[in-house]
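In this chain, numbering begins with 1 at the start of the sequence shown.
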Amino acid sequence: MYLPANGWIVPYYDQYIYYPLQAARGSVLSVIPFSVGDIVYVMSGACFTGFFIRFIVRLFQSSEVRYSAAASVLNFMNTVVFVYLFFMVGWGSNYFKMPLWKYWKLNGDSQHFQLHSTSDSSAVDSMKRENVVTKMIAGLYAFDTFLVNHLNQCAPQYLPLPFKEVNQRAVGYYKQYTDTKLKSNGLGLKPTFFRYFLERLGVEGYYNPFTGEGQVNESLPRFTLPFLVAHELSHQAGIAAEGDANLMAYALCTATDDASFRYSAYLEIWLYTNRRLYYRDSAMALQLEHSLNELTLRHLDTLEQLSKKYDNDYARYSTKVFDSYLKMQDQKQGVKSYGNAATTAWQLEQQRRNGTLPRIIRIP
């Protein structure tokens with residue numbers, strides 16, 4: 001891939017290709033209440049199925065027909081190449097932006113991330129590993145405590161909001177609190193047609209790089225929707241990496257005075273933080289969990305029941321496929337990168353405490 005070695009290209013891509021294209025797609029498709037991208041996926045699936053059936057049938061016919069089948073395969077491969085190029089032009093090049101924690105000049109530590117994503121002791125020099133782990137546990141405990149305190153503060157003011165209200169508020173917050181280039185068009189999500197299938201695949205929402213639409217499963221628990229919507233909107237705003245999208249969603253939701261958005265963000269990042277703390281010190285993690293308010297404990301029980309309900313081979317397989325996809329897009333940690341917000345969001349809060357965080361959230 002040419003882009004990783006030539007990062008200077010990406011800002012020009014954003015300015016002259018992605019943002020104008022996303023704004024144009026948004027202005028056209030925003031007036032359509034349903035997801036055009038879902039329909040495109042259905043039609044593409046039908047075309048692929050038809051092509052595959054015809055190809056199999058032709059293999060058992062005359063040599064002339066088999067030659068035609070070979071030509072069809074070549075045409076199909078050309079189509080795949082064209083679709084991939086369209087993907088890169090329409091959105092995929094955003095994967096090669098500078099990581100958001102670097103862009104925001106947070107105190108990111110690659111060794112810290114490695115310790116979370118691998119059990120290989122060679123990942124960090126053995127003489128320094130113990131000190132790094134001790135420091136990491138202290139940081140996780142401090143952030144876990146911070147999140148528990150804020151969850152307990154927000155819970156009394158939390159109100160469950162329907163998807164439409166969450167979407168409208170989130171779009172407004174992006175325009176108010178960030179320097180997004182999409183002030184007029186290009187931001188806004190739609191419910192998906194594939195709700196039943198996404199639930200069984202363990203997918204909460206997704207961004208369609210071809211139509212520029214974001215889709216979410218609106219039947220998810222309402223306390224998850226503000227963070228999820230903010231996450232998917234960050235993809236529309238030009239943030240591709242999943243760990244960066246989580247960091248962006250946290251920064252936005254917690255910058256507002258909206259208790260429902262703040263609560264959703266604190267809870268989502270607490271799940272990552274407490275899970276990592278539990279891996280290192282289960283007693284600490286359980287102690288903090290038991291200090292949560294009754295509302296949050298009920299919400300955790302809801303999430304646990306959903307996890308059990310949709311724990312199946314299809315969900316595990318889809319996770320593996322998505323993990324491979326992310327790694328193909330230069331996201332070396334794959335799906336594990338989601339949890340990096342347990343580190344980067346804490347660094348963000350430290351900037352806030354020190355008064356060095358810009359008033360307007362910058363989007364690269």
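By the 30° and 60° cut-offs, the orientation of the rings of Y266 relative to F146 is perpendicular. Ring planes of F87 and W91: perpendicular class, angle over 60° (limits at 30 and 60°). Y12 and Y16 have parallel rings, their planes meeting at less than 30° on a 0 to 90° scale where 60° marks the start of perpendicular. Taking the six-membered ring for Trp and thresholds of 30 and 60 degrees, H231 and Y338 have nearly parallel ring planes, at less than 30 degrees apart.
Of all the heavy atoms in L225 and L161, the pair that sits closest is CD1-O, 4.1 Å. The two residues Q157 and A259 have their closest heavy-atom pair at CB-CB, 3.5 Å.
The ring-ring contact (aromatic ring centres under 6.0 Å, His included) test with F261 singles out one residue from Y173, Y177, Y250, and that residue is Y173. Screening E268, R262, E232 against F227 for a side chain to side chain contact (heavy atoms under 4.5 Å, CB included) leaves a single residue, E268. Residue T180 is tested with L187, L233, I360 for a side chain to side chain contact (heavy atoms under 4.5 Å, CB included); the sole match is L187.
A donor-acceptor pair shorter than 3.5 Å can be found between the side chains of N293 and T296. No hydrogens or angles considered: nothing links the side chains of Q215 and N208 as a donor-acceptor pair under 3.5 Å.
Here the side chain of R25 pairs a donor or acceptor atom with the backbone of G90 at under 3.5 angstrom.
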Could you check S260 against R169 for side chain to side chain donor-acceptor pair (under 3.5 Å), going step by step and ending with a plain yes or no?
CA-CA 11 Å; S260 296; R169 290 192 187 188; 5.2 Å; no
Applying side chain to side chain donor-acceptor pair (under 3.5 Å) to Y158 and H299, what does each step give before you reach the verdict?
CA-CA 12 Å; Y158 165 78; H299 287 165; 4.9 Å; no
Evaluate side chain to side chain contact (heavy atoms under 4.5 Å, CB included) for T344 paired with L100, printing each intermediate quantity in order.
CA-CA 9 Å; T344 55; L100 195 57; over 6 Å; no
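The aromatic ring centroids of W270 and H150 lie 6.0 Å or more from each other.
A 4.5 Å side-chain heavy-atom check between Y279 and R276 finds every atom pair outside the cut-off.
For K309, there are no salt bridge (charged side-chain N to carboxylate O under 4.0 Å, His left out) partners two or more places apart in sequence or in a different chain.
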